[in-house]
Structures are given as C-alpha cells and as structure tokens.
Amino acid sequence: MGAPDFSADLYREITDFAQGTPSWVHEAADVGTDAGLLLFAVLFVVGWWRARGLDARAMGLALAAPFAVVSAYLVSEVSKSFIEEERPCRAVAGAVHIAACPPQGDWSFPSNHATIAAASAAAIVVAWRAMAPVVLPLAALMAFSRVFVGVHYPHDVAAGFLVGVVVAPVVALVLVRVLGPLVTSLRGVAAGAVLLGAGPAVAGAPLGGPLPHAGMGAPAGAAQVNAPLEDAAVTMPDVMGGVTRRQGPLP
C-alpha cells in the first residue's frame with residue numbers, strides 16, 4: 001500500500017521541522033515515544049489502587065483496562081499484516097528521521113504506538129473520567145511524536161489513534177459485565193479483599209464496631225442513670241423546709 005500524497009507531503013514538513021530543533025528535543029522525542037507507554041502502565045496501577053475503595057464496577061473497569069489495550073493492539077497489528085504499508089523513512093525520497101528506521105517487514109499503517117497510547121488513555125477515561133484532561137493530550141502527543149521522529153506518516157498515527165479510542169472502551173465496557181460480579185465474589189474472600197479492596201465503606205457505619213440494631217436493649221447504665229430521679233420527690237427539701245412526700249391516698 002502506498003501512502004497518500006498529502007500525508008507524504010505533511011510528513012516531509014514535520015520531519016524537516018524536527019531536524020531544525022535542538023538535539024535535546026530529538027532525544028526527548030525519541031525516548032518519550034516509549035517512556036509514555038510506561039507512564040500509562042503506572043497510571044493503570046494507580047487506577048487499580050484507587051478502585052480498591054470503590055464499587056465492584058469501578059474495580060472491574062480498572063482491571064479491564066490492560067485487556068482493552070491489548071485488544072486494540074491486536075486489531076492494529078493484524079491490520080498491519082494485511083495492509084503492508086512501507087515505512088516513510090524508507091519510502092519517502094530524501095526522508096530525514098531522528099529515530100532509527102524499523103527493519104523491513106515492520107509495516108507502518110496503522111501506528112501501534114499511537115494505538116496503544118490512545119487505547120490506554122481511553123481505557124483510563126472510561127474508568128476514571130477526571131483523568132481525561134491529562135491522558136488524552138498525552139496520548140495525542142505520543143502519537144504525534146511518531147511522525148516527529150520520522151518513523152510514521154501522519155495518517156498512520158491518525159488511524160492508530162482512532163483504533164485505540166474506539167476498540168478499548170468497547171472492550172472495557174463488555175468485560176466489566178463479567179469482571180464486576182467476579183470482583184464482588186472475590187471481595188468476600190480474604191485474599192481477594194487484599195488484592196481488590198473492601199469496596200466503599202457503609203455510610204454511617206462506626207469505625208469501632210457495628211451499628212446498634214432496633215430491638216437491642218438500652219445501655220446497661222441507662223436504668224442506673226434514671227433511678228435516682230424516681231426518689232427525687234422524697235429527698236429534695238421543699239421551700240417550706242419540709243420533705244416532699246410521695247403522692248398517695250390522703251389519711
């Protein structure tokens with residue numbers, strides 16, 4: 001498969017610009033394309049730890065995230081083997097590239113890096129929406145870096161990004177239907193509770209013990225507290241200096 005002309009032209013513009021940037025930018029871009037994937041792996045662990053205090057569905061989504069990413073990657077990799085688009089660092093005449101050009105047979109379309117980055121971001125957003133402003137721009141930057149370092153066309157990373165943001169959420173939402181009930185069951189086992197957490201605390205439950213049940217007797221000291229009140233009329237002097245007697249029949 002040959003690359004579209006507009007994508008090849010845009011590739012040349014981006015890589016020519018990249019060549020004019022400082023050497024530290026080259027190094028950061030080259031290392032960052034892989035380091036970003038490690039950062040997403042760390043966020044998966046953080047998401048799992050966070051979900052230990054949440055309900056079973058939240059934990060199920062956190063556990064489903066890596067499987068969703070692998071599913072998106074497989075879609076991308078299988079597509080590569082059928083489409084067989086040559087890398088621009090070999091196909092474009094006079095191409096300049098920062099990163100080493102991948103070996104022959106490592107096809108270009110779609111970009112696996114872009115797919116994994118987008119899938120990771122999408123899976124995290126499904127499980128933890130507040131992270132969207134962080135992970136989505138990070139995934140887009142990682143996808144762009146593959147063009148910047150010269151190993152992908154722009155349409156490669158666009159397609160890979162689309163595969164990731166579509167496949168990963170679908171897989172995560174399907175898997176959570178199975179993982180949610182499984183989490184509920186495993187949390188009832190000691191080892192499962194350690195790995196998956198106990199879930200959200202019961203609202204109003206005291207930290208030191210169980211809530212009192214309706215029908216339980218009053219505290220043991222309650223009768224003793226009220227007992228002296230029964231004799232208050234006998235022991236308290238009245239204003240005339242006498243003693244107030246218990247009410248009873250007149251003589």
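- Leu43 CG to Ile124 CD1: the interatomic distance, rounded to the nearest 0.5 Å, is 4.5 Å.
- Val167 and Ile83 are assigned to two separate hydrophobic clusters, defined by single-linkage of ILVMFWY side chains at heavy-atom distances under 4.5 Å.
- Scanning both residues, Arg187 and Leu196, for their nearest heavy atoms gives NH2-O, 3.0 Å.
- Scanning both residues, Val157 and Arg146, for their nearest heavy atoms gives CG1-CB, 3.9 Å.
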I'd like to know whether Trp107 forms a side-chain contact (heavy atoms from CB on, under 4.5 Å) with Glu86, so could you lay out the CA-CA distance, the side-chain angles of the two residues, the decisive distance to 0.1 Å, and finally the verdict. CA-CA 6 Å; Trp107 307 113; Glu86 188 59 87; 4.2 Å; yes
Using side-chain contact (heavy atoms from CB on, under 4.5 Å), reason through Trp128 and Val135 one step at a time and then give a plain yes or no. CA-CA 10 Å; Trp128 191 358; Val135 296; over 6 Å; no
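- Between Phe148 and Ala18 the shortest heavy-atom distance is O-CB, 3.3 Å.
- Between Ser120 and Ile116, some side-chain heavy-atom pair lies under the 4.5 Å cut-off.
- Remark: the backbone N or O of Pro102 is paired with a side-chain donor or acceptor of Arg90 at under 3.5 angstrom.
- Transitive grouping of hydrophobic side chains (ILVMFWY, heavy atoms separated by less than 4.5 Å) keeps Ile14 and Leu141 in distinct clusters.
- Pro154 is listed as a side-chain neighbour of Tyr11, based on a closest heavy-atom distance under 4.5 Å.
- Atoms OH and OG1, on Tyr73 and Thr115 in that order, are 10.0 Å from each other to the nearest 0.5 Å.
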Tell me, with the steps shown, if Met59 and Trp48 meet side-chain contact (heavy atoms from CB on, under 4.5 Å). CA-CA 7 Å; Met59 175 57 77; Trp48 159 76; 3.8 Å; yes
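- Cluster annotation: Leu138 is not connected to Leu38 through the hydrophobic network of ILVMFWY side chains, with a link wherever side-chain heavy atoms come within less than 4.5 Å.
- Distance check, rounded to the nearest 0.5 Å: OG1 of Thr21 to CD of Gln19 gives 7.5 Å.
- Note: the hydrophobic cluster containing Phe67 also contains Leu182 (ILVMFWY, side chain heavy atoms under 4.5 Å, direct or indirect links).
- With sequence neighbours left out, the side-chain hydrogen bond (donor to acceptor under 3.5 Å, both in side chains) criterion links Asn112 to Ser76, Glu77.
- Rounded to the nearest 0.5 angstrom, Thr15 OG1 and His97 NE2 are separated by 9.5 Å.
- For the side chain to side chain contact (heavy atoms under 4.5 Å, CB included) criterion with Leu61, the lone passing option out of Leu175, Val183, Val126 is Val126.
- Phe161 forms part of a hydrophobic cluster together with Leu162, Val165, Val166, judged by ILVMFWY side-chain heavy-atom separations under 4.5 Å.
- Across all non-hydrogen atoms, the minimal contact from Pro137 to Ala132 is CD-O, 3.6 Å.
- Nearest heavy-atom pair, Arg52 versus Val194, reported as atom, atom and distance to 0.1 Å: NH2-O, 2.7 Å.
- The CZ atom of Phe144 lies 13.0 Å from the OG atom of Ser111; values are rounded to the nearest 0.5 Å.
- Within the structure, every pair that satisfies the salt bridge (Lys or Arg N to Asp or Glu O under 4.0 Å) test and touches residues 102-123, not counting sequence neighbours, is listed here: Arg87-Asp106.
- Closest heavy-atom contact between Ala123 and Ala68: CB-CB, 4.5 Å.
- Of the N and O atoms on the side chains of His155 and Glu85, at least one donor lies less than 3.5 Å from an acceptor on the other residue.
- By the rule that hydrophobic residues join a cluster once side-chain heavy atoms approach within less than 4.5 Å of another member, Phe17 and Val96 end up as members of separate clusters.
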Stepwise side-chain contact (heavy atoms from CB on, under 4.5 Å) test for Tyr153 and Ser108: CA-CA 8 Å; Tyr153 292 105; Ser108 190; 4.2 Å; yes
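- The structure places CZ of Phe40 at 6.0 Å from CE of Met142, a figure rounded to the nearest 0.5 Å.
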